[in-house]
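For this chain, numbers begin at 1 and follow the sequence in order. The structure presented is a predicted model; accordingly, all values stated were derived computationally and were not measured. Both backbone and side-chain heavy atoms feed into the values below; hydrogens, waters and symmetry mates do not.
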Amino acid sequence: MIGLLIAIVSMVIVLSVVVTVHELGHYWAARACGVAIDRFSIGFGSPLISWRDKHGVEWRIASIPLGGYVRFAGDENAASVPDQNDLDEMKREIADREGAAALKQYFHFKPVWQRAIIAAAGPIANFILAILVFAVMQVAIGDLKTQVIVHGVEPGSAAAAAGFQPADVIVKMDGKAVENYRDVSAYVSLRAKLPVEFTVQRAQQELKLTATPVLVEQKDEIAGRVKVGRLGVSLTGRGYFERSSIWMAVPRATVQVWDMLKTIGFYLGRLVTGQLPADQISGIIGIGKTAGAVTQASVEGAPDVKTMIIRTVASQAILIASLSVSIGFMNLLPIPVLDGGHLLLYAYEAVFRRPLRADFQAAGFRAGLALILCFMLFAAWNDLNRYDVFKFIGGLFT
């Protein structure tokens with residue numbers, strides 16, 4: 001029960017921070033463009049706490065802490081997905097009610113480039129959050145640097161077939177420098193059945209070895225059971241943390257976030273083409289499990305309260321940054337109801353000088369919502385299967 005409580009609290013904190021920053025991106029961009037805003041809500045459902053600021057915006061903390069939203073003035077109207085006729089009718093109603101000058105405060109009557117900026121600001125805020133977190137971590141703790149040395153090679157493995165030997169130092173993978181052993185495991189895990197060129201140092205020689213990781217099922221405390229690429233080597237090496245200067249931290253953190261985005265794109269590309277199974281897709285349950293496991297790992301073994309707090313804050317910050325990158329990326333996908341879907345509609349409007357017909361938009365939004373719901377159900381199924389919940393339930397009846 002304690003572990004479950006830790007997982008729930010950690011998940012709520014992590015999700016709340018990531019989603020709040022995302023919505024603040026939309027909020028500040030809208031404010032900068034002069035859009036009237038009715039409400040900013042952290043969570044959904046009935047409000048637990050609410051207040052209004054001097055601009056008339058209602059700020060609320062709602063009862064269901066799994067998300068949040070910004071509601072612009074007029075969004076409660078069915079013309080949230082308007083075509084030209086709807087816009088004309090909406091314009092007349094606002095002009096009659098508030099005067100023609102009020103039109104410039106409404107989101108739908110802003111230039112398309114401003115609406116695009118507001119839509120993109122949420123994911124951009126997520127990326128900025130991740131960059132700032134990683135930059136602070138690089139200054140405070142530093143990047144882990146390790147000379148990655150092959151300790152052992154499993155007989156019959158992909159590494160053995162490629163010619164790896166104990167004491168080989170892995171220097172590069174597909175031409176990219178290896179900084180620590182985590183680079184190797186992360187890179188290999190997504191490249192099952194793909195040849196990877198390794199540059200290794202053996203004695204005084206530099207050799208190139210090509211290995212094709214095999215797809216195997218792996219189980220650990222955080223990830224549960226997932227299928228990943230496996231090389232078949234055990235690695236060792238003495239590591240140290242290299243701190244960045246304040247001036248170099250942000251550029252390095254930006255590169256780190258860009259590498260994460262490329263990794264997510266690479267995985268999705270292999271997933272869509274059927275080259276990798278979809279069992280690594282995770283949802284709310286997986287986020288909670290990961291957050292709880294990371295928190296518990298930070299607490300266990302801490303010699304004192306101060307160390308425990310530092311470890312917990314650092315681990316949660318890294319988890320927040322990583323999840324922020326993932327949510328920012330997913331929101332940019334060109335799916336109706338997501339920010340990327342809105343950007344696609346604005347691109348259409350910019351090219352054809354008019355919005356897409358309202359019935360087409362409504363159909364697209366319904367299809368997008370159905371797709372997102374199916375994705376969430378699939379992710380929940382993955383999580384339940386990954387953590388052997390179905391086996392546990394089955395065991396109760398056998």
Side-chain angles (χ1 to χ4, degrees), residues 10-26 28-29 66-68 119-144 176 179-180 182-183 185-187 189-191 222-223 226 228 244 248-272 276 278 280-291 293-295 313-335 338-341 343 372 375-376 379 382-383:
S10 299
M11 178 191 67
V12 169
I13 292 173
V14 169
L15 272 179
S16 296
V17 171
V18 172
V19 173
T20 298
V21 169
H22 179 95
E23 296 302 330
L24 281 172
H26 293 310
W28 286 114
L66 296 175
I124 290 172
N126 284 131
F127 301 146
I128 292 173
L129 170 64
I131 290 170
L132 292 177
V133 169
F134 288 138
V136 169
M137 297 299 291
Q138 288 181 15
V139 172
I141 299 175
D143 277 339
L144 177 63
K176 183 179 180 180
E179 295 189 348
N180 56 65
R182 291 185 303 202
D183 287 350
S185 59
Y187 195 82
S189 67
L190 296 181
R191 284 165 174 78
I222 295 179
V226 293
V228 297
S244 297
M248 291 302 298
V250 171
R252 287 182 178 177
T254 303
V255 171
Q256 187 175 355
V257 169
W258 177 244
D259 286 342
M260 292 176 68
L261 290 171
K262 290 193 295 184
T263 298
I264 296 171
F266 178 81
Y267 171 71
L268 287 180
R270 297 205 72 198
L271 177 64
V272 170
L276 281 179
Q280 292 193 41
I281 294 176
S282 191
I284 294 293
I285 298 173
I287 293 172
K289 173 68 174 178
T290 301
V294 168
T295 302
V313 171
S315 62
Q316 293 297 300
I318 292 174
L319 185 58
I320 285 170
S322 301
L323 183 61
S324 193
V325 173
S326 299
I327 287 181
F329 179 94
M330 296 302 291
N331 267 279
L332 285 176
L333 294 178
I335 299 173
L338 297 181
D339 297 323
L343 291 172
I372 296 299
F375 177 84
M376 293 173 64
N382 263 353
D383 289 337

Check residues 13-21 and write down every donor-acceptor pair under 3.5 Å in which the side-chain atom is one partner and the other belongs to a residue at least two apart or another chain.
| residue | atom | partner | partner atom | Å |
| --- | --- | --- | --- | --- |
| S16 | OG | V12 | O | 2.6 |
| T20 | OG1 | S16 | O | 2.6 |

For residues 248-256, which side-chain N or O atoms pair as donor and acceptor with protein atoms under 3.5 Å away, sequence neighbours left out?
| residue | atom | partner | partner atom | Å |
| --- | --- | --- | --- | --- |
| R252 | NH1 | S244 | OG | 2.9 |
| T254 | OG1 | V250 | O | 2.8 |
| Q256 | OE1 | Q138 | NE2 | 3.1 |

Nearest heavy atoms of G68 and E23, plus distance in Å: O-OE2, 3.6 Å

Salt bridge (charged side-chain N to carboxylate O under 4.0 Å, His left out): pairs with one or both residues in residues 253-264, sequence neighbours excluded: K176-D259, D259-K262

A186: partners by side chain to side chain contact (heavy atoms under 4.5 Å, CB included), with sequence neighbours left out: none

For the residue pair G288 and M11, what are the closest heavy atoms and their distance? CA-CB, 3.6 Å

Separation between CD1 (I320) and CG (L129), nearest 0.5 Å, reads 7.0 Å

Quick one: list whatever passes side-chain hydrogen bond (donor to acceptor under 3.5 Å, both in side chains) with Y267, sequence neighbours left out. none

Please round to the nearest 0.5 Å and tell me the distance separating atom OG1 of T290 and atom CD1 of I285. 11.5 Å

When rounded to the nearest 0.5 angstrom, what is the spacing between CD1 in I281 and CG in D383? 10.5 Å

Taking all heavy atoms of S282 and all of I287, pick out the closest pair and write down the distance. OG-N, 4.1 Å

To the closest 0.5 Å, what do you measure between CG (L271) and CG (L190)? 11.0 Å

Donor-acceptor pairs under 3.5 angstrom involving side-chain atoms of residues 321-330: please list them, not counting sequence neighbours.
| residue | atom | partner | partner atom | Å |
| --- | --- | --- | --- | --- |
| S322 | OG | I318 | O | 2.9 |
| S324 | OG | N126 | O | 2.8 |
| S324 | OG | N126 | ND2 | 3.1 |
| S326 | OG | S322 | O | 3.3 |

Walk me through it: do L332 and F127 pass the test side chain to side chain contact (heavy atoms under 4.5 Å, CB included)? CA-CA 12 Å; L332 285 176; F127 301 146; 3.9 Å; yes

Non-hydrogen atoms of A121 and G25 that approach each other most closely: CB-O, 3.2 Å

Interatomic spacing from CD in E179 to CG in D143 - rounded to 0.5 Å: 6.5 Å

Atom pair CZ/CG of F266 and L261 - distance to nearest 0.5 Å: 15.0 Å

Would you check if the side chain of N331 reaches a backbone N or O of P123 as a donor-acceptor pair within less than 3.5 Å? no

